[in-house]
Amino acid sequence: MARNIIKKSPAQIEAMKEAGRISAKVLREVGALVKPGVSTLELDRFVETMIRLEGGIPAFKGYGGFPGSICASLNEQIVHGIPSADVILKEGDIISIDTGAIVDGWVGDNAWTFAVGKISAEKQRLLDITEKCMWAGLDAARPGNRMGDIGSAVQEIAEAAGYGVVRDYVGHGIGRDMHEEPNVPNYGRRHTGLKLEVGMVLAIEPMINMGTFRTKQMSDGWLVCTQDGLPSAHFEKTVAITEDGPLILTTEPDHRRPV
């Protein structure tokens with residue numbers, strides 16, 4: 001599988017930053033619109049407009065036939081929720097919003113799970129732990145480490161908190177295509193798996209469930225939910241592996257390296 005991995009030159013990584021900047025900016029701005037009474041279609045239209053105003057192309061719209069510019073997944077929904085005028089945010093919900101932009105053929109992909117108004121302490125803990133999992137995975141994206149170091153960094157934090165780590169959906173390589181080799185699981189054993197090398201660009205995206213790790217595919221062919229109906233959270237950033245360590249591309253310029 002390693003032979004299919006498309007490593008990027010320093011100049012190509014630099015070129016990917018603009019798609020990453022737009023993806024991050026629109027994700028931050030749409031997050032500020034998350035409140036009770038807003039439909040996921042309204043959020044989708046905002047993101048599409050903003051991406052185009054910034055000079056990008058929505059990466060998700062039409063991808064494999066997907067109709068939206070965002071994936072909007074609420075509560076027990078894990079990923080790939082289709083935006084809809086009929087899905088109205090309510091106080092206490094959590095919503096994963098996944099956004100992506102294309103600039104000059106390069107793709108930036110990121111996601112964040114937002115609270116809708118005041119949420120329960122249990123949901124807030126899920127968000128906090130899943131974000132922590134993402135940062136740990138990003139920090140492990142260093143040359144000389146192995147893919148299992150990323151997965152185990154995520155898995156150890158999540159499972160220590162009593163949560164399930166989704167197996168059926170994983171992170172991925174990214175570049176001129178949104179989904180490239182290699183797969184980036186959110187579980188694994190340290191010091192095992194593919195060796196991480198300078199030039200790899202990965203989308204690291206923990207999907208962590210409050211209950212079982214098991215999932216179910218819904219009838220629309222897109223939406224994925226938790227099998228037990230308990231909430232799920234999803235955080236994602238695109239990161240380049242450089243000689244100096246992980247370089248986050250889906251962020252605004254002052255915050256490129258993990259903290």
Side-chain angles (χ1 to χ4, degrees), residues 23-24 26-36 38-44 46-48 58-61 63 66-84 87-101 108-117 119-120 122-135 137-138 154 158 163-172 178-179 184 186 203-213 215-218 220 222-238 250:
S23 299
V26 298
L27 184 59
R28 174 176 57 79
E29 292 187 349
V30 75
L33 300 181
V34 168
K35 62 182 179 181
V38 174
S39 76
T40 56
L41 184 61
E42 290 175 75
L43 300 176
D44 182 77
F46 171 83
V47 165
E48 179 171 0
F60 298 170
K61 191 156 192 176
Y63 185 85
F66 189 79
S69 294
I70 65 171
C71 297
S73 309
L74 278 74
N75 300 319
E76 78 281 1
Q77 301 173 357
I78 302 171
V79 285
H80 305 159
I82 296 173
S84 171
V87 178
I88 309 296
L89 303 185
K90 304 187 305 295
E91 185 87 14
D93 286 341
I94 56 174
I95 179 171
S96 159
I97 300 177
D98 198 338
T99 68
D109 185 11
N110 58 181
W112 204 265
T113 303
F114 300 98
V116 183
I119 62 173
S120 68
E122 292 80 9
K123 283 184 173 178
Q124 187 60 57
R125 179 173 180 263
L126 176 66
L127 266 58
D128 292 344
I129 293 293
T130 307
E131 183 185 351
K132 184 177 179 182
C133 287
M134 179 191 70
W135 289 113
L138 290 166
V154 172
Y163 296 147
V165 179
V166 170
R167 264 75 164 168
D168 297 334
Y169 301 86
V170 297
H172 49 90
M178 183 151 57
H179 294 102
V184 186
N186 294 304
I204 293 176
E205 52 177 323
M207 291 155 270
I208 306 299
N209 300 344
M210 194 177 285
T212 179
F213 68 88
T215 69
K216 59 180 178 181
Q217 174 80 62
M218 306 310 285
D220 65 9
W222 286 103
L223 179 62
V224 178
C225 294
T226 58
Q227 193 177 88
D228 56 12
L230 291 177
S232 181
H234 174 214
F235 289 77
E236 175 186 23
K237 288 184 182 290
T238 297
T250 47

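You'll find the side chain of F213 stays beyond 4.5 Å of the side chain of M207, heavy atoms only. Within the 4.5 Å cutoff, the side chain of M218 has no heavy atoms near those of the V224 side chain. In this structure the side chain of V79 never reaches within 4.5 angstrom of the side chain of L223, judged on heavy atoms. When side chains are defined from C-beta on, I82 counts as touching W222, because their heavy atoms get closer than 4.5 Å. In this structure, the side chains of K123 and N75 come closer than 4.5 Å at one or more pairs of heavy atoms. Annotation: side chain of Y169 is not in contact with side chain of I78 (no heavy-atom distance under 4.5 Å). Two residues are said to be in side-chain contact when any heavy atoms from C-beta on lie closer than 4.5 Å; M134 and P206 meet this criterion. Counting only heavy atoms from C-beta outward, the side chains of I70 and V30 never approach each other to under 4.5 Å.
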### Task
Quick one: do W135 and I204 satisfy side-chain contact (heavy atoms from CB on, under 4.5 Å)? Show the steps, please.
CA-CA 9 Å; W135 289 113; I204 293 176; over 6 Å; no
### Query
For V116 and I95, what are the C-alpha separation, side-chain angles and deciding distance, and is it a side-chain contact (heavy atoms from CB on, under 4.5 Å)?
CA-CA 7 Å; V116 183; I95 179 171; 4.1 Å; yes
### Query
Going through the checks in order, is the side-chain contact (heavy atoms from CB on, under 4.5 Å) test met by V47 and L27?
CA-CA 8 Å; V47 165; L27 184 59; over 6 Å; no
### Query
Can you check side-chain contact (heavy atoms from CB on, under 4.5 Å) on V184 and V170, steps first, answer last?
CA-CA 6 Å; V184 186; V170 297; 5.6 Å; no
### Message
ring pair (Phe, Tyr, Trp, His ring centres under 6.0 Å) for F60 and H80? Distances and angles first, verdict last.
### Response
CA-CA 10 Å; F60 298 170; H80 305 159; 8.7 Å; no
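Pairing each heavy atom of A101 with each of A59, the nearest pair is N-CB, 3.9 Å. Here the closest non-hydrogen pair linking I97 and V34 is CD1-CG2, 3.8 Å. In this structure, T130 and F235 approach most closely via the heavy-atom pair CG2-CD1, 3.5 Å. Shortest non-hydrogen contact noted between A115 and L127 is N-CD2, 4.2 Å. Here the closest non-hydrogen pair linking G108 and S23 is O-OG, 3.0 Å. The minimum heavy-atom distance between H172 and E236, with the atom names listed, is NE2-OE2, 3.8 Å.
Rounding to the nearest 0.5 Å places OH of Y163 at 5.5 Å from CE of M210. A distance of 11.5 Å separates CG of L43 from OG of S84, quoted to the nearest 0.5 Å. Here the CD atom belonging to E122 is positioned 11.0 Å from the CG atom belonging to L230, to the nearest 0.5 angstrom. The OG1 atom of T215 sits 8.0 Å away from the CD atom of Q217 when rounded to the nearest 0.5 Å.
Checked against side chain to side chain contact (heavy atoms under 4.5 Å, CB included), K61 has the following partners two or more places apart in sequence or in another chain: E48, P58, S69. Annotation: salt bridge (Lys or Arg N to Asp or Glu O under 4.0 Å) contacts of K90 (sequence neighbours excluded): D93.
Note on residues 224-234: pairs passing side chain to side chain donor-acceptor pair (under 3.5 Å), not counting sequence neighbours, are S96-H234, E205-H234, N209-S232.
Although no hydrogens or angles enter the test, the distance criterion places no donor-acceptor pair under 3.5 Å between the side chain of E131 and the main chain of D128. Formation of a donor-acceptor pair under 3.5 Å by the Q77 side chain with backbone atoms of L74 is found in this model. Checking side-chain atoms of N110 against main-chain N and O of T99 turns up a donor-acceptor pair under 3.5 Å.
Between the side chains of D109 and T250, no donor-acceptor pair is found at a separation under 3.5 Å.
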